[in-house]
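No hydrogens, no waters, no symmetry mates; every other heavy atom, side chains included, goes into these values.
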Amino acid sequence: MKYLAAFGAFWWDFIVGDSIVLAIGGVGVLVAGAVLVSLGMAHTAEVLLPAVVIATLAGSLVQR
């Protein structure tokens with residue numbers, strides 16, 4: 001059980017690190033990109049997703 005807890009703690013620290021906002025934003029961008037591409041809106045994803053990444057980064061900086 002100790003190894004399982006250490007494994008979970010590693011992945012939490014690796015993915016979340018210092019900012020939960022960036023972790024949630026990163027997962028959100030990946031999900032939004034997959035949904036847009038599966039709907040045939042790849043050109044929209046090319047424009048929208050970089051804007052979402054920049055907004056997420058700005059939001060994490062304002063939070064501090």
Going by side chain to side chain contact (heavy atoms under 4.5 Å, CB included), name the residues that satisfy it together with F10, two or more places apart in sequence or in a different chain. F14
Donor-acceptor pairs under 3.5 angstrom involving side-chain atoms of residues 30-57: please list them, not counting sequence neighbours.
residue : atom : partner : partner atom : Å
S38     : OG   : A34     : O            : 3.2
S38     : OG   : V35     : O            : 2.8
T56     : OG1  : V52     : O            : 2.8

Hydrophobic cluster partners of L4 (side-chain heavy atoms under 4.5 Å): M1
